[in-house]
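In what follows, chains carry the letters A, B, and so on, assigned in the order in which the sequence lines appear, proteins first and then strands, with residues in each chain numbered from 1. Bear in mind that the values here come from a model prediction, so they are computed numbers and not experimental data.
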2 protein chains.
Amino acid sequence: MARTAGSHSDITGPRIQDAALRLFARHGYAAVSMRQIAREVGVQAGALYNYTPDKQSLLFGLMQDHMRELLATWAARSQVPDPGAALETFTRFHIRFHLERPDEVFIAYMELRNLTPENHAAISDLRGRYEDALESILKRGVAAGVFDVADTKIATLAVIAMLNGVNTWYRAGGRLSLEQVETIYWDMVRKAVGL
Amino acid sequence: MARTAGSHSDITGPRIQDAALRLFARHGYAAVSMRQIAREVGVQAGALYNYTPDKQSLLFGLMQDHMRELLATWAARSQVPDPGAALETFTRFHIRFHLERPDEVFIAYMELRNLTPENHAAISDLRGRYEDALESILKRGVAAGVFDVADTKIATLAVIAMLNGVNTWYRAGGRLSLEQVETIYWDMVRKAVGL
DNA sequence: GTTTTTTCTGAACAAACGTTCAGATAGCGT
DNA sequence: ACGCTATCTGAACGTTTGTTCAGAAAAAAC
């Protein structure tokens, strides 16, 4: 046997990424084998290598795609001049964006240590750029005298850490709507920066 | 060859736990082999099985020890009646305790998915008890009318997530002392709960 | 309808995996 | 000094790992 009926790279490629994403998020990169991914796609393990040079690149691609989309989506937003309004926009954007992609977020935070040094540096750089987006808002607010923040760098990391926590417990269809969750967190963020 | 000079279970046992802790934290449970742990201890892989029935128990033991120590240490503290003071005590305790044990904390949060269902349930239960300790403080503060918190459950998770973030960036000997870090975070927590 | 290209199979590779165990030696109690 | 027990080695087990590749079939190009 060889090429199978209906096979097409436009179909198999994304399916491999989807399967890898889900399996990596569920069991962890190191615990998932190429054969498991292949089985999920309905293909033999060797076929995966038409789409990725190796397992590491598969992980890196997923993380890089996620971070780039995060940055691009945020950059596409029209920036509000008022620091308070900008912070609210960021807070709600962050929660919504991350809740819509639980698997990507999980991988981006948990699998950093499974990247090669070069790949790790690349992802860390993208992460840093996103953190800078928040920190620049905090700095503007401090400069304008509307935020009360002792250390903008720490506040940046603290806010992001707090917001990321949503992904550990929120489930669609639960006690609270996405809108309610956003509002509750925004309320805490707002108060934390002294607004 | 067989038993080696100077070998003793009181020495080898802890060394195995130390090595497993460090390696699991650095590379992840699934990515670390029993042979790597053994090499770190200076022993053959088979010798590990005098101290643990299997790899899974090694991980579970580390996580359980950590969570029990966390709960016991917190329980040993004399509880302050004032909710505000209690929250400050908790905040400073949490940061200090966790910064003193970066590897244990890392494992306790990252390796949950590598536990068997029974072990997972056991650790989650311990985790839940610790979260309850914070939530009870928040509830007392809300009842006393000194805290402004929309949802104590979410606030609990948000505060813990924020505080846990310290472990991702703090390094001893850096720009800020532990005392300073505690104060900055307490300032944010205090404001976030409307105190 | 024929040729070329794309996509996949199935087998193979060496290496590493967790775990077991008979046997050997070190340390301890007597 | 001797025997007993605790501790470890070294080899072995069956399985799984990531990856490669010749060949075969489907799809696309002509």
Side-chain angles (χ1 to χ4, degrees), chain A residues 1-24 26-63 107 111 113-119, chain B residues 1-21 23-24 26-63 107 111 113-116 118-119:
Chain A
M1 296 163 213
R3 181 169 187 174
T4 54
S7 64
H8 201 298
S9 69
D10 293 347
I11 297 174
T12 307
R15 289 193 59 198
I16 289 175
Q17 299 215 55
D18 286 356
L21 181 72
R22 192 171 54 253
L23 288 172
F24 287 166
R26 187 118 57 211
H27 308 291
Y29 172 76
V32 173
S33 71
M34 295 297 270
R35 283 173 179 82
Q36 279 179 57
I37 299 171
R39 193 184 318 132
E40 197 88 354
V41 178
V43 100
Q44 292 296 317
L48 301 183
Y49 291 85
N50 290 326
Y51 301 91
T52 182
D54 46 36
K55 194 186 174 190
Q56 166 76 202
S57 303
L58 197 48
L59 173 63
F60 177 65
L62 291 172
M63 296 176 73
I107 288 176
E111 301 295 354
R113 58 180 166 189
N114 286 310
L115 293 174
T116 62
E118 304 80 27
N119 289 346
Chain B
M1 293 163 216
R3 181 169 187 172
T4 55
S7 65
H8 200 297
S9 70
D10 293 347
I11 296 174
T12 307
R15 289 192 59 198
I16 290 175
Q17 299 214 56
D18 287 355
L21 180 72
L23 289 172
F24 287 166
R26 188 118 56 212
H27 308 292
Y29 172 77
V32 173
S33 71
M34 295 298 269
R35 284 173 179 83
Q36 281 179 57
I37 298 171
R39 194 184 317 133
E40 197 87 354
V41 177
V43 101
Q44 293 295 317
L48 300 183
Y49 292 85
N50 290 326
Y51 301 92
T52 182
D54 47 36
K55 193 186 174 189
Q56 166 76 202
S57 304
L58 197 49
L59 173 63
F60 177 65
L62 292 171
M63 296 176 72
I107 289 176
E111 301 296 355
R113 59 180 164 188
N114 285 310
L115 293 175
T116 62
E118 304 80 26
N119 290 345

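- Ion pairing between a basic and an acidic side chain is recognised when a charged N comes within 4.0 Å of a carboxylate O; A/K55 and A/E111 show no such pairing.
- Checking B/T4 against A/A31, the closest nucleotide of DNA chain D that is more toward the 5' end is the one next to B/T4.
- Annotation for B/L115 and B/Q56: closest pair CA-OE1, 3.3 Å, computed over non-hydrogen atoms.
- Rounded to whole Å, the distance from CG on A/D54 to P on D/dT19 is 5 Å.
- Between A/T12 and C/dC8 there is a side-chain N or O to OP1 or OP2 distance below 4.0 Å.
- In this model, the phosphate group of D/dC8 is approached by a side-chain N or O of B/Y51 to a distance below 4.0 Å at OP1 or OP2.
- Taking atom CD on A/Q36 and atom P on D/dG18, their separation rounds to 8 Å, with Å as the unit.
- In terms of phosphate contacts, B/S33 brings a side-chain nitrogen or oxygen within less than 4.0 Å of OP1 or OP2 of C/dC17.
- Within the 4.0 angstrom heavy-atom criterion, only backbone atoms of the sugar-phosphate kind lie near B/V32; the bases stay farther away.
- A straight line from CG of B/D10 to P of C/dA26 spans 20 Å, rounded to a whole angstrom.
- DNA chain C is contacted by both B/A30 and A/L48; A/L48 maps to the nucleotide lying nearer its 5′ end (nearest heavy atom per residue).
- Across all strands shown, A/A5 has heavy atoms under 4.0 Å from sugar-phosphate atoms exclusively, and none from any base.
- Rounded to whole angstrom, the span from the CD atom of A/Q44 across to the C1' atom of D/dA25 amounts to 15 Å.
- You'll find a donor-acceptor pair under 3.5 Å spanning the side chain of A/R35 and the base of D/dT19, going by distance alone.
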